[in-house]
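The next block holds one structure in the form of C-alpha cells; read it before the comments.
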Amino acid sequence: MPIHNAEIAEMFNRLADLLEIEDANPFRVRAYRNAARTLNGLPRSVVAMLEEGEDLSRLPGIGKDLAHKIEVIVETGRLPALSEIERHTPSGLVKLLSVPGLGPKRVRLLHETLGIEDVEALASAARGGALRRLAGFGPKTEQNILHALETRGAEERRVKRIVAEATAEDLADYLRGIEGVVRVEIAGSYRRRRETVGDIDILAACGPRSPIIQSFIDYEDVAEVLSRGRKRSTVILRNGLQVDLRVVPEASYGAALYYFTGSKAHNIAVRTIGLKKGLKINEYGVFRGERRVAGRTEEEVFAQVGIPFIEPELREGRGEIEAARQGRLPSLIELSDIRGDLHVHSKASDGRATIAEMAKAAHARGYQYLSINDHSKRVTIAHGLDARRLARQLAEIDRLNEGMTGFLILKSTEVDILEDGTLDLPDDVLCRLDLTVCAVHSKFGLSRDRQTERIIRAMDNPCFDILGHPTGRLINERAGYEIDMERLLLAARERGCYLEVNAQPDRLDLTDLHCKMAKDVGVKVAISTDAHSVTDLDLMRFGLDQARRGWLEADDVLNTRRWPALKRLLRSR
DNA sequence: GCCGTTTTCGGCCCGACTGTTTTCAGTCG
C-alpha cells in the first residue's frame, strides 16, 4: 500500500525529536518539523506527485536533501537517518517528551545519568526520589512530573469542537463580566475553527488594575492551576480541558489576537516577511525600532506587513500568504450563501421528525428547498426503505409540495452502496428522484483498492449524484475506511458526480484538506447536515467551518444555488 | 536542513512562567 503523507511527516517529527535529544543543531531540527508540517498540510499525496514527475523540493521547507529522503521513504518505506539514530538513542525517549515539564534537555539528562528510557522507569525514579538530585531538577520538579504521570499520563487528546464550544463560551462570558475587562475572545485553533481543539486559548484586553487573573483561577470549573503570572495563567478545568488566558492592554489587542490565533506556521511566515521590511511583530504590536506602528486591530497588523486580511480559517501555512500577496485569496463561503439542505432523514427511517416538520423547520431557516434522504432497505437497523415504501414517500412529498409556495421538498434517498458497487434500490426507482445521496455503511475493512473501486463502480450508475460521508470516519472514534481520495475525485469529475461535506460534528467528512483537494481537482461539494431531527438542521455551520478551512467559495458548493440551477448540475435530471 | 527584493553564506520568531538558581536554563505555546 502506498505510504501516506502523514506517515512520512511522522518519521520526520520522530527524527526531529531524537535529534533534539541528541542536542543537534536546533535549526536542523526545525527544518524536519517544518517539512513535516508541510507534508501534513498538502492536499495531494507525495506518492502521486512523484508519479507525475513533480519536483518536491519546490514545496515550502523541503529542499534537495529532504526531497531525496522523501523519495527514499516512498520507495523503501524507511528513513535510513531515523534507523541510524535509533541505533544509539532509544526511540522510547520520544514518548518522554510528551510528559509535561520534560523537554529534550531533561530527557537527555534522565537517559544519560539514570538510564531512564520509558515512562515506567521515569515514574519509579520519581517515586524513589531520584530525580530531585539531578542538576537543574529539584523537589518541586520531581513532584510535578509525578503528578503529571499520575493524573494525565503522557497522553494528549484533542476534543471535538462541539464539546469544547460550550465550555469555552461560558468561560469567555464569565470573563467578560469581570471588572476592568474590555474585550474577550477565544483565539487559537478554536478561532481557526478546527474540527478538534487541544486546549483553549482565551485573550483578554483590560486595564492594569483588573482582577482578571484572580477571577480566572477562581472560576467554579477550575480543577487545577498550572501557572499564574500577571499576563498569563493556565488552568485545567474539571472536564480535563486546559485553558490558557493571556492578558494584554487594549492597544495591543489586535496584535495579540493575531499572534494567539496562529497557526504557528502561519505566524512564523508572516513574522519573517515583517523582518525583511524592518518590522518586529510580537503579541504587543508591530514595531519599527522602538516605535509601535500597529497593534490595536488585526487589520492594522496586516496593513503594516503589506498583505490583505487573511481569514482565521486559512491561517494554516498552506499557501495562504502567497495567495494573499498575489491577490488570489478565496472569497470564503458563508452560512448565508446556503439555500437548502441536501441530506436529512425523516421518521420513515431513523429520523425523529415527519417530512412536514422538517420542511417547515428548513423553510423557517430561510432555505428554499430540503431533500429527504431516508436510508435504503439494506440498512435494516435504521428501518431502511424498500422500493414500495419509497414510492409511498414520493407521493406524500408531492402532496406536501402542493400545499407550499416558495419552498420545495426534494425527493431523494441515502441509498446504500453495496459491496459490489451496486446501489440498494432499482435504477427505475432511483431515476424518479430529484437527486441521490449514495453512501457506504458496511464492509469498512476492504482494501484501499477494492474500497475505491467499489465506490467508483457505484458512480458508474447514471443515477449517482452525491457521495455521502465519503470516508466514513468518526472523529476520535474510528478512522475512515481506506480510499484513494485522488482517484475518487478524478472519477467523480469524469462522471459528473459530487462529494458531500457531512456537517455532523462527529463526522465532518470530507475534511478540510479533502475540501481543498476537491476544489483543486474541480469537483463541487454539497454541504449537508445529515439531520435526524429538526434541531440538527442547525449543524450546518460546522460543515461551513470545514468548507471555509478548505478554501471553498460559494461557487464550489452545490447548495448555494437556487433549485433550477442546482438541477442543471445533477446528472440525467 | 532551508532559504534568498541584504541570494550561495549566515542567518533562522520570541515572550512568559517556573523552578532552580543568585542571574538563568528549560519548557511552553
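The basis for the numbers below is simple: all heavy atoms, side chains too, and nothing from hydrogens, waters or symmetry mates. In what follows, chains carry the letters A, B, and so on, assigned in the order in which the sequence lines appear, proteins first and then strands, with residues in each chain numbered from 1.
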Charged N to carboxylate O below 4.0 Å: is that the case for A:R14 and A:E86?
yes

Rounded C1' spacing from B:dT21 to B:dG26 in Å
12 Å

Which whole number of Å gives the distance between the C1' atom of B:dC12 and that of B:dC17?
25 Å

Just how far, in rounded Å, is C1' of B:dT27 from CG of A:L96?
15 Å

B:dT27 to B:dT20 separation - C1' atoms, rounded to the nearest Å
13 Å

Taking the same atom, C1', in B:dT23 and in B:dG29, what whole-Å distance lies between them?
24 Å

Using atom CD1 of A:I273 as one end and atom P of B:dT6 as the other, report the distance to the nearest whole Å.
13 Å

Under 4.0 Å between a Lys/Arg side-chain N and an Asp/Glu carboxylate O for A:R548 and A:E311?
yes

May I ask you to verify if any side-chain N or O of A:K264 is less than 4.0 angstrom from the OP1 or OP2 atom of B:dC28?
no

Rounded distance (Å) that lies between atom P of B:dC2 and atom CD1 of A:I70
9 Å

Tell me the interatomic distance from A:D199, atom CG, to B:dC28, atom C1', rounded to whole angstroms.
10 Å

Specify the separation, in whole Å, of atom NZ of A:K64 and atom C1' of B:dG4.
17 Å

Does the B:dG1 base have a donor-acceptor partner in the side chain of A:N34 within less than 3.5 Å?
no

How would you label the contact of A:K277 with the nucleic acid (heavy atoms, under 4.0 Å): base, sugar-phosphate, or nothing?
nothing

Once you apply the 3.5 Å cut-off to both distances, tell me the Watson-Crick or G-U wobble partner of B:dG26, or none.
B:dC17

Protein-nucleotide distance (A:D55, atom CG; B:dC2, atom P), rounded to Å:
12 Å

Taking NZ, NE, NH1 and NH2 as the nitrogens, is one of them in A:R318 or A:D512 under 4.0 Å from a carboxylate oxygen of the other?
yes

Considering the options A:R33, A:K95, A:R108, which one meets the salt bridge (Lys or Arg N to Asp or Glu O under 4.0 Å) requirement together with A:D17?
A:R33

With a non-hydrogen cut-off below 4.0 angstrom, is A:P26 in contact with a base, only sugar-phosphate, or nothing?
nothing

Quick one: which of A:R549, A:R194, A:H266 gives a side-chain hydrogen bond (donor to acceptor under 3.5 Å, both in side chains) with A:E316?
A:R549

I'd like to compare against my own output: the B/S/- annotation of nucleotides 14-21 of chain B with a strict under-4.0 Å heavy-atom distance to protein.
BSSSSSS-

Check A:E84 with A:R87, please: is the shortest side-chain N to carboxylate O separation under 4.0 Å?
yes

Are A:E51 and A:R487 within salt-bridge range, i.e. N to O under 4.0 Å?
no

A:R58 atom CZ is separated from B:dG4 atom P, nearest whole Å, by 13 Å

Sequence-distant partners of A:D118, side chain to side chain donor-acceptor pair (under 3.5 Å), two or more places apart
none

Would you call A:E298 and A:R315 a salt bridge, taking side-chain N to carboxylate O under 4.0 Å as the test?
yes

Residue-level proximity of residues 319-327 of chain A to DNA chain B when a heavy atom falls under 4.0 Å
none

For nucleotides B:dC14 and B:dC9, find the distance between their P atoms and express it as a whole number of Å.
25 Å

d(CD, A:E20; C1', B:dT27) in whole Å
10 Å

Which part of the nucleic acid does A:L97 contact within heavy-atom distance under 4.0 Å: base, sugar-phosphate only, or nothing?
nothing

Between A:Y253 and A:E185, is there a side-chain donor-acceptor contact under 3.5 Å, judged purely by atom types and distance?
yes

Taking the same atom, P, in B:dT5 and in B:dG1, what whole-Å distance lies between them?
23 Å

Let me spell it out: for each of A:I62 and A:V107, pick the nucleotide of DNA chain B with the closest heavy atom. Which residue's pick is nearer the 5' end?
A:I62

Looking at A:E195 and A:R473, is any side-chain nitrogen of the basic one under 4.0 Å from a carboxylate oxygen of the acidic one?
yes

